[in-house]
Number of protein chains: 4
Amino acid sequence: MSEIGHNTGGIAADRLRSIVERIERLSEEKDALATDIREVYAEAKSAGLDVKVLRQLIRERRQDAAEIEERETLLEVYRRALGMLAETPLGEAAVARETRRRVA
Amino acid sequence: MSEIGHNTGGIAADRLRSIVERIERLSEEKDALATDIREVYAEAKSAGLDVKVLRQLIRERRQDAAEIEERETLLEVYRRALGMLAETPLGEAAVARETRRRVA
Amino acid sequence: MSEIGHNTGGIAADRLRSIVERIERLSEEKDALATDIREVYAEAKSAGLDVKVLRQLIRERRQDAAEIEERETLLEVYRRALGMLAETPLGEAAVARETRRRVA
Amino acid sequence: MSEIGHNTGGIAADRLRSIVERIERLSEEKDALATDIREVYAEAKSAGLDVKVLRQLIRERRQDAAEIEERETLLEVYRRALGMLAETPLGEAAVARETRRRVA
DNA sequence: ACTGAAGGCTGCCCGC
DNA sequence: GCGGGCAGCCTTCAGT
């Protein structure tokens, strides 16, 4: 309490100020991007696209991407579980087989 | 149908592709910013700040800004409701008086 | 599964029926009220009132009420953030002072 | 302007007051019902029901009801189109036949 | 009929 | 892991 500058619960006011400003700055950029996205959708609409379907499409693509990501992660887990085996041709074959099984 | 390139409901595939890519690109940037914001909050937390209160503070500041905006809009509505009256010196004085009252 | 009556995912059909009926009953009443409100606006309009301004007025009054509520909540958040301080006479004075400042 | 009481754009303040109060009263009741509905959904949830599916069910039932309503209206249109014919036994038979055809 | 806003629903993120 | 809280999306309705 006797230090130079105000403080807030033991936090220097400058630190707080910095944090608030950074958050607000980032939020503004985020909002600007949201606006941009909305504008692209508007453009799509005036080009005759069905916005609802378009959103669905984007959602599905995002989902697909996430699943690929997921598969990659899983594959890595298996690789580690199999140990160095995965580094050999035989091990790779085993991993590939397992992957096919999971996908099917 | 005999044009070059596929089309989808009369929309050129290239046009659709462009739109999808732009949306996805913008969304990625938006998500990145969301991540950044989360990180700043995490930093704030580990600096000893009460994140809930911090969020409240940010919300409040944003709200205040929005309210100023709102007041402007509101004033315009009232001005229109007062009709041409607002176009006269007397009317302007009335509007100005009302504005002061509301702001105080 | 061997109990009397059908069931749906472990839920007694009667229970489900009761829930659905209650929701539908309440929804009907809600819709009826929406209709009543619309009628009052119509009456206001044919009495020469500017409906747009009237809606704005109602919104404003609601907003004001909500803000008072909000302030109470906010105060509570701050109080908690101040911790046990608020439980002491000095702390209470500080909270009261802050409240006066915010309201003014 | 020289009447007793204030006025607002030629509308008696009492009239305005009455309208505002009625709207606010009705809105409160409407909000209360919305809360009740939310509570029933909450109850359904804690009874193990899938709220999303439940909402879908309610929506479908509402839709069905609207379609029956629609059919009734349509039937009435046909009746009128058939004129007094509908008042005779032969006409009723024709209407009944038409109705069966539509439902099938 | 279209547009723009208001309210309700859904999916996500945080805290427990 | 879950349940509550919050932001974004969708739907509906008033207005033009």
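Protein chains get the first letters and strands the later ones, always in sequence-line order, with residue 1 at the start of each. These figures come from a predicted structure and were not determined experimentally.
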> Once you round it to whole Å, what is the distance between C1' of E:dC12 and CG of B:Leu33?
17 Å
> Just the rounded figure in Å: distance from P of E:dT10 to CZ of A:Arg59.
12 Å
> Please report the distance, rounded to the nearest Å, between CG in A:Leu54 and P in F:dC9.
12 Å
> Without decimals, in angstroms, what is the distance between B:Gln56 CD and E:dC14 C1'?
16 Å
> Quick one: does D:Ser18's side chain have a donor or acceptor within less than 3.5 Å of a partner on D:Asp14's backbone?
no
> Scan nucleotides 12-16 of chain F against the protein and return all N/O pairs shorter than 3.5 Å with their distances rounded to 0.1 Å.
{"residue": "F:dA14", "atom": "OP1", "partner": "C:Arg38", "partner atom": "NE", "Å": "2.8"}

> Sort and list the pairs that fulfil salt bridge (Lys or Arg N to Asp or Glu O under 4.0 Å) and have at least one residue in residues 30-42 of chain B, not counting sequence neighbours.
A:Arg62-B:Asp31
> Regarding C:Arg61 and D:Glu21, does a basic nitrogen lie under 4.0 Å from an acidic carboxylate oxygen?
no
> In plain terms, say whether A:Glu76 and A:Arg79 are close enough for a salt bridge, that is, a side-chain N and a carboxylate O under 4.0 Å apart.
yes
> Grab the CD-C1' distance between C:Gln63 and E:dG7 for me, whole Å please.
14 Å
> Nearest whole Å is fine: how far is F:dC6 P from B:Ile37 CD1?
17 Å
> Whole angstrom is fine here: how far is it from CD in A:Glu39 over to P in E:dG4?
13 Å
> Is the distance from OP1 or OP2 of E:dG8 to the nearest side-chain N or O of D:Lys30 less than 4.0 Å?
no
> Quick one: C:Asp31 CG to E:dG8 P, roughly how many Å, whole number?
12 Å
> Is the shortest side-chain heavy-atom distance between A:Val53 and A:Leu49 below 4.5 Å?
no
> Check whether more than 12 heavy atoms from other residues, nucleotides or ligands sit under 6.0 Å from atom CD of C:Glu69, and answer yes or no.
no
